[in-house]
There are 2 protein chains.
Amino acid sequence: MDSLFASFPPGTNPGCPSYATSSLARSKPNSDTLAPLFRNKILCEPGERIYAQGSPFTCCYLVRSGAFKSLVLNERGDEKIISFHMPGDLTGLDSIHRGHYIGSAVALERSLVYEVMFQGPGNELRLPPEIQDHFIRIMSRELANIEDLLMLTSEHTAEERIIAFLLAFSARQSHQNLSAHQFRLPMSRNDIASFLGLAVETVRRMLTRLHEKNLLKVTGRNVEFIDIEGLRYRLKTA
Amino acid sequence: MDSLFASFPPGTNPGCPSYATSSLARSKPNSDTLAPLFRNKILCEPGERIYAQGSPFTCCYLVRSGAFKSLVLNERGDEKIISFHMPGDLTGLDSIHRGHYIGSAVALERSLVYEVMFQGPGNELRLPPEIQDHFIRIMSRELANIEDLLMLTSEHTAEERIIAFLLAFSARQSHQNLSAHQFRLPMSRNDIASFLGLAVETVRRMLTRLHEKNLLKVTGRNVEFIDIEGLRYRLKTA
DNA sequence: CGTTAAGTTGAGCCTCGTCAACTATGGTGG
DNA sequence: CCACCATAGTTGACGAGGCTCAACTTAACG
């Protein structure tokens with residue numbers, strides 16, 4: 001695996017998949033490539049949704065600041081978190097091929113997004129040539145990200161999933177020039193559990209376990225790594 | 001969920017996700033839209049791989065006949081099946097953003113593929129305007145497909161996964177004007193197990209269970225539905 | 001016809017989900 | 001500023017679903 005969070009723009013990191021390595025820390029977000037497509041700027045408060053499952057598809061959204069979760073309601077009515085979106089990420093890519101959004105995007109904190117419009121009046125997609133390349137690579141990367149998540153949830157234990165998640169988030173932090181060792185998670189335990197395909201209680205149990213092993217410290221949503229190499233090690237020797 | 005197999009081209013099926021319904025049977029494959037991008041035609045024997053994980057990315061491949069599995073080797077060295085590709089599907093989309101293939105594609109039976117080339121000499125992507133729209137929708141749809149698989153594997157029991165898989169395959173069959181009630185699976189039990197995030201033994205146990213409940217008949221790779229409504233019912237009332 | 005891989009079946013165990021009770025947190029209105 | 005309530009988070013006990021391991025049968029293929 002490579003990353004659990006979308007990265008932007010794609011870098012080049014050949015070789016075997018390596019869980020939650022520095023792949024997220026490749027290159028700086030370069031969101032301005034899409035600037036010609038920007039429309040409105042929207043400010044979101046925590047809990048607010050920029051689009052709702054089933055509503056007509058209008059555009060994708062580029063996250064400038066804050067954080068989002070994108071989720072799908074299943075037949076039982078409870079939500080499954082598909083991904084988290086950080087600054088530089090595009091949301092709604094999975095809905096382009098439909099006339100409506102196949103999931104919802106909800107702000108986890110006060111956030112700023114741009115509308116990214118590329119549909120003509122007849123709903124046909126029109127990308128300026130200089131953006132085409134970039135856009136397709138973004139989608140390809142998104143595809144690879146979900147595949148990573150798929151591998152993580154189908155072949156790894158609860159502890160490994162938590163570790164991979166935290167390491168990926170950490171990498172994303174340093175990507176934004178924030179501390180990779182100490183950070184505050186914008187999402188709830190429930191969100192993490194849903195994202196990783198676990199029960200909330202299991203998430204907690206794994207966190208306490210990692211705490212007892214002196215690998216990290218968690219108080220509420222604040223995370224502090226004690227032994228980051230130890231964490232990485234537990235991922236490799238699965 | 002909507003489908004576990006890529007569909008081509010995307011249709012319009014608004015509303016909540018509904019597992020393995022007729023969504024796969026939307027519209028006929030219309031692969032010729034990409035015809036301007038076709039290069040060589042390649043014939044593959046079972047077990048042959050059209051590209052290998054880590055090798056330099058050259059192009060995507062359109063399946064014309066036969067079937068493929070695309071897989072990723074994890075750090076332990078065993079393969080995880082990411083998707084199955086049927087006639088009309090594109091493979092390698094997840095590798096566009098990298099200089100190399102992030103997984104491998106292996107023929108499950110004697111198959112025919114087209115090389116789909118859209119990279120210029122400088123590796124920049126160049127899509128004819130009339131194809132752009134179509135191509136992006138394909139990628140978006142692929143994204144939605146994997147999200148479906150993600151939801152299936154993270155929130156559903158072994159039995160439900162098997163049922164969803166078989167129903168999706170059945171839908172794909174009728175999509176190709178083949179019988180939806182009786183068909184031969186091109187992939188091994190191992191492939192199915194890996195794809196659904198299960199052990200081979202579990203796959204079998206569920207098949208026998210469904211057999212005992214008079215819902216279907218399985219002999220080797222041949223599947224015959226006895227009570228397709230019964231199967232659908234067991235998916236809804238999860 | 002022999003060899004190897006694929007498929008099947010059973011027994012036992014372990015991880016993780018479920019349920020229930022409890023505590024902490026944060027937001028709101030009096 | 002505090003009381004209140006709702007939501008989020010925590011902890012423990014228990015059970016079940018599915019994985020592991022091992023033995024065996026069947027199928028595929030030269």
Side-chain angles (χ1 to χ4, degrees), chain A residues 45-48 69 71 74 76 78-81 106 108-110 152-166 184-212 216-223 234 238, chain B residues 45-48 69 74 76 78-81 106-110 152-166 184-212 216-223 234 238:
Chain A
E45 295 301 324
E48 224 173 290
K69 61 177 175 183
L71 52 95
N74 62 19
R76 277 192 290 278
D78 38 37
E79 54 184 47
K80 158 79 182 173
I81 309 289
V106 176
L108 295 169
E109 51 192 40
R110 176 179 280 245
L152 184 68
T153 55
S154 78
E155 298 199 314
H156 290 265
T157 66
E159 187 181 286
E160 288 163 357
R161 296 186 211 184
I162 296 290
I163 294 177
F165 174 76
L166 292 176
R184 181 175 177 77
L185 296 169
M187 67 292 282
S188 71
R189 296 274 189 273
N190 243 306
D191 292 337
I192 298 175
S194 170
F195 181 65
L196 296 177
L198 297 170
V200 211
E201 298 91 332
T202 306
V203 172
R204 163 105 302 259
R205 275 186 259 275
M206 294 308 134
L207 288 176
T208 34
R209 186 194 285 185
L210 295 175
H211 181 96
E212 286 163 356
L216 49 74
K217 239 186 269 184
V218 182
T219 46
R221 294 189 178 186
N222 294 303
V223 178
R234 303 203 131 250
Chain B
E45 295 301 325
E48 223 174 290
K69 60 178 176 183
N74 61 19
R76 280 192 288 278
D78 38 38
E79 53 184 48
K80 158 79 184 174
I81 310 290
V106 177
L108 294 168
E109 50 193 39
R110 175 180 280 245
L152 184 67
T153 54
S154 77
E155 300 199 313
H156 291 264
T157 65
E159 187 182 285
E160 288 163 357
R161 296 186 210 183
I162 296 289
I163 295 177
F165 173 77
L166 292 176
R184 181 174 175 79
L185 296 169
M187 67 291 282
S188 71
R189 296 275 188 274
N190 241 309
D191 291 338
I192 299 174
S194 169
F195 182 65
L196 296 177
L198 297 171
V200 211
E201 297 92 333
T202 307
V203 172
R204 163 104 301 259
R205 274 185 259 275
M206 295 307 132
L207 288 177
T208 32
R209 186 193 288 184
L210 295 175
H211 182 96
E212 286 163 356
L216 49 75
K217 237 186 268 185
V218 184
T219 45
R221 295 190 177 186
N222 295 302
V223 179
R234 305 203 129 250

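So that the names make sense, note that chain A is the first sequence line, chain B the second, and so on, each numbered from 1.
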Chemist: Distance from B/Met187 atom CE to B/Glu109 atom CD, nearest 0.5 Å?
Modeler: 9.0 Å
Chemist: Could you measure the distance from the CG atom of A/Leu207 to the CD1 atom of A/Ile192? Nearest 0.5 Å is fine.
Modeler: 7.0 Å
Chemist: With the side chain counted from C-beta on, respond yes when B/Arg161 and B/Met206 share a heavy-atom pair under 4.5 Å apart, and no when they do not.
Modeler: no
Chemist: Would you kindly give the NE2-to-P distance between A/His156 and C/dT15, to the nearest whole Å?
Modeler: 16 Å
Chemist: Round to the nearest Å and state the distance from B/Glu155 atom CD to C/dT18 atom C1'.
Modeler: 15 Å
Chemist: To the nearest 0.5 Å, what is the distance between CG on A/Asp78 and CD on B/Glu155?
Modeler: 6.0 Å
Chemist: How close or far is atom P of C/dA5 from atom CG of B/Asp191, stated in whole angstroms?
Modeler: 16 Å
Chemist: Measuring from B/Thr219:OG1 to B/His211:NE2, what's the distance to the nearest 0.5 Å?
Modeler: 9.5 Å
Chemist: What residues, two or more places apart in sequence or in another chain, satisfy side-chain hydrogen bond (donor to acceptor under 3.5 Å, both in side chains) together with B/Thr153?
Modeler: none
Chemist: Quick one: which protein N/O atoms are closer than 3.5 Å to N/O atoms of nucleotides 1-3 of chain C? Pair and distance per line, please.
Modeler:
none

Chemist: Quick one: side-chain hydrogen bond (donor to acceptor under 3.5 Å, both in side chains) partners of B/Ser188, sequence neighbours excluded?
Modeler: B/Asp191
Chemist: Drop me the distance from B/Leu210's CG to B/Arg234's CZ, to the nearest 0.5 angstrom.
Modeler: 7.0 Å
Chemist: Whole Å only: how far is the CG atom of A/Leu198 from the C1' atom of C/dT18?
Modeler: 14 Å
Chemist: Could you tell me whether B/Glu159 and B/Arg209 have a side-chain N and a carboxylate O separated by less than 4.0 Å?
Modeler: yes
Chemist: Quickly work out the A/Arg161 CZ to C/dG17 C1' distance and round it to whole Å.
Modeler: 12 Å
Chemist: According to side-chain hydrogen bond (donor to acceptor under 3.5 Å, both in side chains), who are the partners of A/Asn190, at least two apart in sequence or on a separate chain?
Modeler: none
Chemist: Contact class for A/Gly47 vs. all strands (heavy atom < 4.0 Å): base, sugar-phosphate, or nothing?
Modeler: nothing
Chemist: I'd like to compare against my own output: the B/S/- annotation of nucleotides 25-30 of chain D with a strict under-4.0 Å heavy-atom distance to protein.
Modeler: ------
Chemist: Rounded to the nearest 0.5 Å, what separation is found between the OG1 atom of B/Thr208 and the CZ atom of B/Arg205?
Modeler: 8.0 Å
Chemist: Would you mind reading off the distance between B/Met206 atom CE and C/dT8 atom C1', rounded to a whole angstrom?
Modeler: 14 Å
Chemist: Would you mind reading off the distance between A/Glu159 atom CD and C/dC14 atom P, rounded to a whole angstrom?
Modeler: 17 Å
Chemist: Nearest-Å distance, CG (B/Asn222) to C1' (C/dG7)?
Modeler: 14 Å
Chemist: At under 4.0 Å between heavy atoms, how does the protein contact nucleotides 8-17 of chain D? Give one character per nucleotide, 5' to 3', with B, S or -.
Modeler: -SSBBB----
